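Here is the structure we will look at, set down as C-alpha cells.
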Amino acid sequence: MKGTVFAVALNHRSQLDAWRDAFTQAPYNAPPKTPVWFIKPRNTVIRAGEPIPYPSGETVLSGATVALVVGKTASRVAVDDAMEYIAGFALANEVSLPEESFYRPAIKAKCRDGFCPLGDLVALKNVDNLTVITEINGREADHWNTADLQRSAAELLSALSEFATLNPGDAILIGTPQSRVALRPGDRVRIMAEGFPALENPVVSEDTLTKNQTFVWPLSPNNTLFALGLNYADHASELDFKPPTEPLVFIKAPNTFNSDGQTSVRPNNVEYMHYEAELVVVIGKTARKVSEADAMEYVAGYTVCNDYAIRDYLENYYRPNLRVKSRDGLTPIGPTIVDKSAIADPHNLTLRTWINGELRQEGSTADLIFSIPFLIAYLSEFMTLQPGDMIATGTPKGLANVVPGDEVVVEVEGVGRLVNRIVSEETAK
Ligand SMILES: O=C(O)C/C=C\CC(=O)C(=O)O
Ligand SMILES: [Mg+2]
C-alpha cells in the first residue's frame with residue numbers, strides 16, 4: 001500500500017451527540033455540513049507490532065477503526081459507484097490526544113509519531129455493519145459498530161473525491177466513536193473485527209524510544225507538506241484575525257501538488273480563489289526533538305509554492321480544511337530546490353505575486369511570526385520530520401481573487417519563480 005492516509009472526524013453519531021451544544025455556539029455556530037477531514041502524515045503510520053510512543057504527561061486515546069484503501073484512481077465518484085474504487089479494507093488505530101476543539105488543525109493531537117497503526121489489506125466488499133473490538137492486554141475494553149457512522153465508506157470516498165483525486169494506495173479512516181479507550185505505557189492494544197487479521201501494537205513511553213527513531217514509511221515515499229496559517233501579522237489582520245500564539249499548522253496532501261507552468265482549476269460557483277506566495281523549507285535530515293539553536297542544520301534548502309485557498313469552503317472545523325487547501329492541483333510548488341548555502345538569510349527574502357503582469361502582493365520573510373528554527377523545533381517536538389518533508393511558511397498581506405485566464409506568478413527572492421495559469425472547470429475537462 002502507498003499513498004496518503006486521510007481521516008474523518010465527527011463521523012460517529014456519539015461524537016455529534018457529545019458536541020451538539022458546542023456546535024451551536026462560536027466558533028462553530030452550526031453542526032458540520034461536510035465531512036471534517038484531516039490527514040495522518042507518514043510519520044504517524046506504523047505496522048502491526050511496532051510501538052506506539054506514549055508522550056509523557058498526556059492522555060492518549062486508542063481509536064479502533066477501519067481504513068478503506070483506494071484501488072483505482074478516483075475523481076468525483078458517485079456514491080453508488082464508490083465500491084468499484086475500493087481495493088479493500090484494513091484495521092487501523094486512529095490514536096489521538098483528546099480533542100480540545102475541532103476549530104483549528106489538530107496536528108499535535110493527531111499527527112504524533114506512530115499515531116496511526118495500519119493493518120494488512122483485506123479484500124472485503126462491505127464494512128457497513130462491522131463490529132470493531134478493542135482489547136487491552138488480552139481483555140476486551142470496548143466495541144462499536146460501523147452501522148452507527150453518519151457516512152459510510154462509500155459516501156466518504158465519494159465526498160473526498162469531489163475535490164481531491166484519490167490514487168491507488170490512498171486510505172480513508174472511516175471514523176471512531178466519542179468514547180475511546182485510554183492507553184498507558186506497557187499496554188498491548190489489539191484491534192479485532194470479523195474477517196480481518198488482528199492489529200496489535202505495544203504502547204511504549206516516548207522517552208524510552210530512541211530520540212532519532214524514524215518510522216518505516218510503509219505506504220509510500222510521499223513527502224509531507226506542512227503549511228502555516230496566519231504566520232504574517234499583516235495577513236492575519238487582512239483576514240480580521242489576531243496573530244496566532246501557537247503555529248497554526250495544516251497539512252496538504254500530494255494530490256494538491258502542481259508544477260511550474262501548469263494550470264490550476266478554479267472551481268465553479270465560488271467567490272474566493274486566493275493566491276498565496278510562500279517560502280518553502282525543505283528538510284534535509286531526520287529531525288526529532290531538535291532545538292531551535294540546532295534547527296537550521298536540518299534544512300536542506302528552499303523552494304517556492306503558491307498555497308491557493310478556496311475560502312468559500314472554510315467551515316469552522318479543523319480550519320483550514322481539506323476542501324479549502326488540499327484540492328487537486330492547487331499547490332504549485334518548485335520549480336527547483338535551492339541549496340541552503342545559496343541563501344544567506346532566509347529571514348530576509350522578498351515575496352511577490354504578479355497577476356497578468358501587475359504586482360499584487362509584496363512582503364518579506366523578515367515579518368514571519370514563527371521563524372524557520374522555531375517551526376522545526378515546534379514540529380519535531382512531537383513528530384519526526386523526514387528528509388524531503390516541507391514547511392510552507394505562510395503568506396503576507398496582499399491577497400486577491402483570481403479568475404480563469406489569469407496568469408499568476410509567485411516569486412521568492414533568490415529561491416525561484418513559479419508561473420501558473422487559472423482555468424475553469426469546463427476548460428480543464
Ligand atoms: O483558516 C484560515 O482562515 C486561514 C488558513 C490559512 C491561511 C494561509 O494559508 C496562510 O496564512 O498562508
Ligand atoms: Mg498559506
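No experiment lies behind these values; they were computed from the predicted model shown. Numbering of ligands and ligand atoms starts at 1, following listing order.
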List ligand 1 atoms under 4.0 Å from Leu314, heavy atoms only on the residue side. 1 (O), 3 (O)

Quick check, are the ring centers of Tyr28 and Tyr317 under 6.0 angstrom apart? yes

Measuring only between side-chain heavy atoms, which start at C-beta, is Tyr85 closer than 4.5 Å to Leu166? no

List every atom of ligand 1 that sits less than 4.0 Å from any heavy atom of Glu278, numbering the atoms from 1 in the order shown and giving each element. 12 (O)

Heavy atom of the protein closest to atom 1 (O) of ligand 1 (residue, atom name, distance): Arg104 NH1, 2.7 Å

So the angle subtended at the Mg ion (ligand 2) by Glu278 atom OE2 and Asp307 atom OD2, rounded to 10 degrees, is 100°

Can we call the ring centroids of Trp37 and Tyr318 under 6.0 Å apart? no

Heavy-atom distances under 4.0 Å are what count here, so tell me which part of Lys252 touches ligand 1: side chain, backbone, both or neither. neither

Tell me which N, O or S atom of Glu276 sits nearest to the Mg ion (ligand 2). OE1

Could you establish whether Gly394 and ligand 1 come within less than 4.0 Å of each other, counting only heavy atoms on the residue side? yes

Going by distance only, is there an N or O of Arg319 that falls short of 3.5 Å from an N or O of ligand 1? yes

Can Tyr232 be said to touch ligand 1, with heavy atoms closer than 4.0 Å? no

Other residues, nucleotides and ligands only: do more than 12 of their heavy atoms fall within 6.0 Å of NZ on Lys397? no

Do me a favour and list the nearest non-hydrogen protein atom to atom 6 (C) of ligand 1 with residue, atom name and distance? Gly229 CA, 3.7 Å

Taking Arg42 first and then Asp389, would you say they form a salt bridge - that is, a charged N and a carboxylate O separated by under 4.0 Å? yes

What protein heavy atom sits nearest atom 5 (C) of ligand 1, and how far off is it? Pro320 CG, 3.6 Å

Which of the atoms in ligand 1, numbered in the order shown and given with their element, are less than 4.0 Å from a heavy-atom of Thr395? 12 (O)

Closest approach of any protein heavy atom to atom 8 (C) of ligand 1, naming residue and atom: Glu276 OE1, 3.3 Å

What atoms of ligand 1 come closer than 4.0 angstrom to any heavy atom of Phe250? 6 (C), 9 (O)

Out of all atoms in ligand 1, which are within 4.0 Å of some heavy atom of Lys325? Include the element for each. 6 (C), 8 (C), 9 (O)

Proximity flag Leu228 to ligand 1, non-hydrogen atoms under 4.0 Å: yes

Do the side-chain N and O atoms of His235 and Glu238 include a donor-acceptor pair separated by under 3.5 angstrom? yes

For Asn231 versus Gly394, what's the shortest heavy-atom pair and its separation? CB-CA, 4.4 Å

Whether the Ser14 and Asp17 side chains hold a donor-acceptor pair (N or O, under 3.5 Å, no angle test) is what I'd like checked. no

Return yes if a side-chain donor-acceptor contact under 3.5 Å exists between Ser326 and Lys252, otherwise no. no

Lys110-Ser96 side chain donor-acceptor pair, cut-off 3.5 Å: yes

Below 3.5 angstrom, do we get any N/O pair linking Leu230 and ligand 1? yes

Any salt bridge between Glu276 and Arg311, counting N to O under 4.0 Å? yes

